[in-house]
Amino acid sequence: MDFPAELKRQIARVERGLDLHVPRGDTRPARLHTAMRYSLEAGGKRLRPVLVLAAADLSGAPGEAALPAAVAVECIHTYSLIHDDLPCMDNDDLRRGRPTAHKAFDEATALLAGDALLTHAFLLLATAYAPQPALVQNLVRELADAAGSRRLVGGQMEDLLAEKKPDATSDELEFIHLNKTAAMIEASLVMGGLVGGAEEAGLGALRRAGRDLGLAFQIIDDILDATADSATLGKTAGKDAQAGKTTYVKLHGLEASHRFAAARTASALNALESLPGDKAFLRMLVAAMAARKS
Ligand code: GRG
């Protein structure tokens with residue numbers, strides 16, 4: 001398989017889906033919808049929506065069936081980035097290679113754009129899958145759980161609390177990574193499986209793969225923050241050390257962090273093995289995330 005070409009094709013599917021399933025920028029109030037699209041259209045790796053599509057393809061979902069679920073996941077992810085960048089949180093000026101939403105617009109607009117993306121995700125699931133009520137219920141439960149107070153938002157809360165402590169433990173760090181980062185990656189694979197009609201065992205394997213991929217992804221994020229430059233990352237580099245934040249790199253050093261990331265990646269690949277279908281693309285995607293430079 002020509003992996004770069006296939007990844008490009010999947011990302012193009014996501015971009016088309018975003019355009020199709022998010023209100024146009026001139027929808028009233030235009031400032032709000034323009035801000036929502038400004039952050040969504042800035043790009044990014046599109047890892048999570050591509051995972052939704054790839055997991056659905058694996059389970060044999062027909063054509064574009066998984067696209068609304070993929071867009072819903074990217075809406076939630078983008079909202080979390082917009083809010084994370086706000087002055088009351090990470091206070092960042094650069095995201096996805098562009099000024100952050102509150103810099104390009106203003107704080108109130110950025111806050112509302114994030115709120116609206118969060119809500120839009122669930123409207124999209126309820127609307128697009130309305131003919132399959134049981135699927136709507138499962139998708140909404142999965143996404144709400146991943147994005148909720150015990151997972152994404154809870155991980156962000158503990159992350160903020162840990163910033164104030166000079167000596168956060170590896171247990172606290174694991175909670176943060178599992179929830180702030182891995183929850184949405186896990187949900188992406190599981191939602192793809194749900195759309196594709198995967199059985200319980202398949203959903204379990206997708207969940208395990210997502211969890212390990214998510215942990216590997218965050219360790220690599222910590223490594224890149226410590227070693228790459230802002231231009232390559234499209235966001236401010238070196239922020240963790242500057243903030244005195246406890247990261248994998250700070251707790252364990254660079255070499256051990258590389259080892260942990262490799263072990264989690266291997267474990268994710270292993271979990272994928274039990275799934276039916278052609279896993280070549282998913283396998284290569286997991287490997288590409290381990291080797292990423294931004
Ligand atoms: C505000 C509720 C709330 C949550 C914020 C996503 C997040 C939680 C914070 C962003 C900061 C950060 C380092 C989070 C860890 C997850 C992560 C690495 C997000 C960035 O994801 P990428 O690299 O971003 O996939 P792109 O822009 O490529 O989509």
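Counting from 1, the numbers follow the sequence of the chain as shown. Counting starts at 1 for both ligands and their atoms, in listed order. Small disclaimer: the values here were computed from a predicted structure and weren't measured. No hydrogens, no waters, no symmetry mates; every other heavy atom, side chains included, goes into these values.
The protein residues lying under 4.0 angstrom from ligand 1, judged by non-hydrogen atoms, are Gly44, Lys45, Arg48, His77, Tyr79, Ser80, Leu81, His83, Asp84, Arg96, Leu152, Val153, Gln156, Lys180, Thr181, Phe217, Gln218, Asp221.
Rounding to the nearest 0.5 angstrom, the gap separating the CG atom in Leu94 from the NZ atom in Lys103 is 11.5 Å.
There is a side-chain donor-acceptor pair under 3.5 Å between Gln218 and Asp222.
Using cut-offs of 30° and 60° for the angle between ring planes, the His83 and Tyr79 rings count as perpendicular.
A salt bridge links Arg13 with Asp57: the distance from a Lys NZ or Arg NE/NH1/NH2 to an Asp or Glu carboxylate oxygen falls below 4.0 Å. For Arg95 and Asp84, the salt-bridge test passes: some basic side-chain N is under 4.0 Å from an acidic carboxylate O.
Remark: Arg48 qualifies as a cation-pi partner of Phe217 under the 6.0 Å distance and 45° angle criteria applied to the six-membered ring.
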